[in-house]
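Structure first, then comments.
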Amino acid sequence: MKTIIEPFRIKSVEPIRLTRRDERERYLAATGYNLFGLHADDVLIDLLTDSGTGAMSSMQWAAVMSGDESYAGSPSFYRFEAAVKHLMPFKHVIPTHQGRAAEAILFSVFGGEGRRIPSNTHFDTTRGNLEASGAFGDDLVIAEGRDPRAEHPFKGNMDLGLLEDYLGRHGDAVPLVMLTITNNAGGGQPVSLANIRAVAELAHRFGKPFFIDGCRFAENAWFIKTREPGQAQRSIEDIVRDCFGVADGMTMSAKKDAFGNIGGWIAVNDDVVAERSRQHLIRTEGFPTYGGLAGRDLEALAQGLREIVDEDYLRYRIRTNAYIVEQLDAMGIPVVKPAGGHAVFIDARAWLDHIAPLQYPGQALAVALYELAGIRSCEIGTVMFGSQPDGSERPAAMDLVRLAFPRRTYTQSHADYVIEAFGELAATKDRLGGYRIVSQPQRMRHFTCRFEKIGA
Ligand SMILES: *Cc1c(COP(=O)(O)O)cnc(C)c1O
């Protein structure tokens, strides 16, 4: 059979509330056109993020019931720890309430004034945390990774020439080398196993620890299996173990590829780094055998980690995005190709080329999608990345709109509805205008800033 089906059936459903266009315009105006400000029950199809929004399995819900809430030494922690170590062979596994807490701990150890930290592309919370420590982040993804239309099987790869040059130039200022798999801010694009190994080798040659931001490790492994020569016959678990086997540590948001609604961890081999991390953890998150999570959360993650490496799931997961990308591409809508792992990215700067980057074409598209069809998406562009540490502003590398798919949550008819909405927008997009920001916080402004329509 050629049809790739959702490899599950539905045991429990949540109703979606249908809304009218005039209602949606009112809701959005009240939030200052910031989609993060909407009430979720005013959203029809919520593609804001794939973070913590997935459906847990019946096995995960069953595991929740066996959660042990002991403050110290809960058996739930040991089951969680074993599930992580089964895939990621690090000596110390330290749970946190989500990924950014792991990042805050990482940069409390490795960050600081004057430090420079390279990655393929730092995600927004990673950048926010390292900058808050006084450090500076640099994105060294390959040139194809910056070009929405360049076809390359591993557009998330680090540019090895740039990295070598960087390590030579900044030497002592570099406390560690990072790599994000898949490269979320760069379109959910994968990193090859060969690139992961080469980055590790370079980092170690310069005496630097190598850390992986592993949020979407299973999706990345699926791309390695299906695109990298020599990997097709290998199991996802083996590929995952190879990826992390060359690293000195990792940070993780378990709200992504662990099927969790909440959770994260930092894992390291070095005993001193682990000890300093645990000290920070105790001050900010909790005791090291729960780290800001309930025992039942740890149980859900342990089971989720067993399910996420299932090949039938990953085949369906990756196909969902490829299907939408193919349809939008056929309509002439500029999309990031090939399709990423967790999301579809529309090149709003190219599609709405009458809106200048500093008038936020991505925001204009995200607003239009919600007003027209009740679909919530997320701008990944100048709103998210354009604000500079000195308070100035400049266009981000790309102005993308991300449609991120929650795991196991929506079906193919939802995907078809999204495709139809883009067909409608194509007819009227030239009339969309830009936006200006009227209030914003100092860091990570996209979550809470307010906009005005230009010319309205
Ligand atoms: C989501 C994400 C994070 C942060 O994790 P949270 O659980 O949202 O705090 C870090 N890096 C990447 C690549 C992510 O996708």
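If you read the sequence from its start, that first residue is 1, and numbering goes on from there. Just so you know, these numbers come straight off a predicted model, no measurement behind them. Counting starts at 1 for both ligands and their atoms, in listed order.
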Quiz prompt | G264 heavy atom under 4.0 Å from ligand 1 | solution = no
Quiz item: Among protein heavy atoms, which sits nearest to atom 10 (C) of ligand 1, and what does the distance come to when rounded to 0.1 Å?
Solution: E103 OE2, 3.0 Å
Quiz item: Is a donor on one side and an acceptor on the other found under 3.5 Å between the side chain of N157 and the backbone of N195?
Solution: no
Quiz item: Do D399 and T382 have side-chain N/O donor and acceptor atoms under 3.5 Å apart?
Solution: yes
Practice problem: Identify the protein heavy atom lying closest to atom 11 (N) of ligand 1, giving its residue, its atom name and the separation to 0.1 Å. | Solution: D213 OD2, 2.7 Å
Quiz item: Looking at N184, which atoms of ligand 1 are within less than 4.0 Å of one of its heavy atoms?
Solution: 13 (C), 14 (C), 15 (O)
Self-check item: Sub-4.0 Å atoms of ligand 1 with respect to non-hydrogen atoms of S253
Solution: 5 (O), 6 (P), 7 (O)
Quiz item: Are R408 and F259 in a cation-pi setup, meaning NZ or CZ lies under 6.0 angstrom from the ring centre and within 45 degrees of the ring axis?
Solution: yes
Quiz prompt | Check: V383 main-chain N/O paired with E379 side-chain donor or acceptor under 3.5 Å | solution = yes
Exercise. Find all atoms of ligand 1 within a distance of less than 4.0 Å from any non-hydrogen atom belonging to T125, and give their numbers and elements.
Key: 3 (C), 4 (C), 10 (C)
Quiz item: Are any of the N or O atoms of T182 closer than 3.5 Å to those of ligand 1?
Solution: no
Quiz prompt | Top protein contact for atom 14 (C) of ligand 1, by heavy-atom distance | solution = K256 NZ, 2.9 Å
Quiz item: What's the shortest distance from atom 8 (O) of ligand 1 to any protein heavy atom, and which residue and atom give it?
Solution: R100 NH2, 2.9 Å
Self-check item: Ligand-side contact atoms (ligand 1) for residue partner T180, heavy atom cut-off under 4.0 Å
Solution: 13 (C)
Quiz prompt | Candidate list H122, Q189, R402, test side-chain hydrogen bond (donor to acceptor under 3.5 Å, both in side chains), partner N184, passing option | solution = R402
Quiz item: Where's the contact between K255 and ligand 1, heavy-atom distance under 4.0 Å: side chain, backbone, both or neither?
Solution: side chain
Quiz item: Centres of the Y410 and F405 rings: under 6.0 Å?
Solution: no
Practice problem: Just jot down the ligand 1 atoms closer than 4.0 angstrom to any heavy atom of G99, in number order. | Solution: 5 (O), 6 (P), 7 (O), 9 (O)
Quiz item: Between the side chains of H204 and D248, is a donor N or O closer than 3.5 angstrom to an acceptor N or O?
Solution: yes
Self-check item: Side-chain donor-acceptor contact under 3.5 Å, Q412 with Y323
Solution: yes
